[in-house]
Amino acid sequence: MNTILLLKLLFAHLFSDFILQTDRICQGKKKKGRVKWSYQILHSLIHAITAYLLVAHWCNWLIPTIIFATHFFMDFLKSTYLKNQVRTFIIDQIFHIGVIFILWLFLLYSKGNPILSWIYGNWNNIHLWCVVTAYLLLLKPTSIFLNLFIRRWTPEEHDSQSLPNAGKWIGYLERILIFTFILTENMEGIGFLLAAKSIFRFGELNKAKDIKTTEYVLIGTLASFTIAILTGFLFLRFV
């Protein structure tokens, strides 16, 4: 019954956002003045009413109220300050699904369900916070440090044919994978990752006009791997 409640809320969101939201409503929310407000209110009401009808808790007005308010807030923010990009779409969906999940947990907690008790019991778990902090440090803080560290060796016109931010995301993923391999005691995965990256980089390095490009890539790769591996072993040693 508890899972059905969550599924109903998710279905209501998907049905309202992708089936009941017509192109006219979608375009109307981007206009200015009264038209914009009217379509945003209409879209938020559709979400609230759909959720209320599907959940069928007729005396619980908290569900439609929160759904309406959060949708209206996010639509206003998105249409006013955010560009129509993939990133905006992902942020919008994560926000709404997050609200649904929190609302579901609140409804369960009000009934004494043990799920929230488990979450609260682990909220102050030092091991959990160490893992989360380590992953966070391996993302943008490490990326900024690496950029500053290898800046002195950056060849001229090195990024002329690179995808925007591709190197940054490659670094994010490789450090996350390395740290995960260490936590799960799958050390062979690190060797596989290094070999796979070397194969993909071989063509680029083989055709490099200057040895500086090869050395630059190797310094960045090895520095990224070193930080991730040291973080993993330090975590295992002290946590």
Side-chain angles (χ1 to χ4, degrees), residues 2-57 60-111 113 115-120 122-123 125 128-129 131-141 143-144 164-165 168-169 172-173 176:
N2 296 332
T3 306
I4 292 177
L5 176 60
L6 176 61
L7 290 175
K8 286 182 177 179
L9 290 171
L10 288 173
F11 179 86
H13 167 70
L14 295 174
F15 188 73
S16 301
D17 227 18
F18 299 104
I19 303 299
L20 298 181
Q21 182 176 202
T22 63
D23 292 337
R24 182 176 180 180
I25 295 177
C26 189
Q27 295 300 322
K29 293 190 299 179
K30 300 177 182 178
K31 296 181 180 179
K32 298 181 179 180
R34 293 183 178 179
V35 176
K36 173 181 179 178
W37 295 108
S38 299
Y39 279 106
Q40 288 184 352
I41 291 174
L42 174 62
H43 180 60
S44 301
L45 277 175
I46 291 174
H47 271 277
I49 293 173
T50 303
Y52 180 71
L53 293 176
L54 288 179
V55 173
H57 290 182
N60 190 339
W61 294 98
L62 181 66
I63 295 175
T65 301
I66 291 180
I67 296 296
F68 175 87
T70 54
H71 267 277
F72 185 84
F73 166 77
M74 192 60 197
D75 279 345
F76 172 78
L77 184 67
K78 184 172 61 174
S79 62
T80 306
Y81 300 104
L82 301 178
K83 296 181 180 180
N84 188 22
Q85 299 175 339
V86 174
R87 182 188 305 177
T88 303
F89 174 81
I90 294 174
I91 292 174
D92 178 68
Q93 294 303 313
I94 290 176
F95 175 83
H96 291 309
I97 293 175
V99 169
I100 289 172
F101 189 76
I102 293 173
L103 180 60
W104 174 65
L105 289 177
F106 177 82
L107 294 174
L108 294 183
Y109 182 65
S110 64
K111 298 178 180 180
N113 191 280
I115 294 179
L116 274 187
S117 298
W118 181 88
I119 294 176
Y120 290 140
N122 287 276
W123 186 252
N125 188 313
L128 173 64
W129 281 105
V131 171
V132 173
T133 304
Y135 275 115
L136 182 62
L137 287 173
L138 289 173
L139 295 177
K140 194 161 188 178
S143 180
I144 294 174
N165 297 320
K168 178 181 70 175
W169 285 101
Y172 285 174
L173 293 173
I176 288 174

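- Contact check for Ile63 versus Leu107: side-chain heavy atoms found under the 4.5 Å cut-off.
- Closest approach of Ala48 to Pro64, counting heavy atoms only: CB-O, 3.3 Å.
- Within the model, atoms CG of Leu54 and CG of Leu9 stand 8.5 Å from one another, a figure rounded to the nearest 0.5 Å.
- Contacts of Leu62 classified as side chain to side chain contact (heavy atoms under 4.5 Å, CB included), with partners at least two apart in sequence or in another chain: Asn60, Ile66, Leu103, Phe106.
- When side chains are defined from C-beta on, Tyr52 does not count as touching His57, because their heavy atoms never get closer than 4.5 Å.
- In this structure, CZ in Phe101 is found 7.0 Å from CG in Leu6, a value given to the nearest 0.5 Å.
- A donor atom on one side chain and an acceptor atom on the other are not found under 3.5 Å apart for His96 and Asp17.
- Residues Trp37 and Phe72 place their aromatic rings such that the two centres sit under 6.0 Å apart.
- Using the six-membered ring where Trp is involved, Phe15 and Phe11 have ring planes that are parallel, under 30° apart on the 30 and 60° scheme.
- Ring-plane geometry between His13 and Phe18 is classed as perpendicular, the angle between the planes exceeding 60 degrees on a 0 to 90 degree scale with a lower cut at 30.
- Remark: the Gln40 side chain and the Ser79 side chain contain an N/O donor-acceptor pair separated by less than 3.5 Å.
- The two residues Lys168 and Ser143 have their closest heavy-atom pair at CG-OG, 3.8 Å.
- Annotation for Met74 and Leu82: closest pair CE-CD1, 4.4 Å, computed over non-hydrogen atoms.
- Atoms CG and CG, from Leu138 and Leu173 in turn, are 12.0 Å apart once rounded to the nearest 0.5 Å.
- Taken to the nearest 0.5 Å, the CD1 atom of Ile67 stands 5.0 Å off from the CD1 atom of Ile100.
- Between Phe95 and Phe73, the ring planes are tilted. Angles from 30° to 60° get that label.
- In terms of heavy atoms, Ala51 sits closest to Ala12 at CA-CB, 3.7 Å.
- Nearest approach of Ile46 to Ser16, heavy atoms of both residues: O-OG, 3.8 Å.
- Side-chain contact between Leu10 and Ile97: present, with at least one pair of heavy atoms (C-beta onward) separated by less than 4.5 Å.
- Taking each heavy atom of Gln21 and Cys26 in turn, the nearest pair found is OE1-CA, 4.0 Å.
- Of the inter-residue distances, the one linking Lys30 atom NZ with Asp75 atom CG reads 11.0 Å to the nearest 0.5 angstrom.
- Exactly one of Lys29, Lys31, Arg24 qualifies for a side-chain hydrogen bond (donor to acceptor under 3.5 Å, both in side chains) with Tyr39. That residue is Arg24.
- Side-chain contact between Ile41 and Leu45 is present, with heavy atoms from C-beta onward closer than 4.5 Å.
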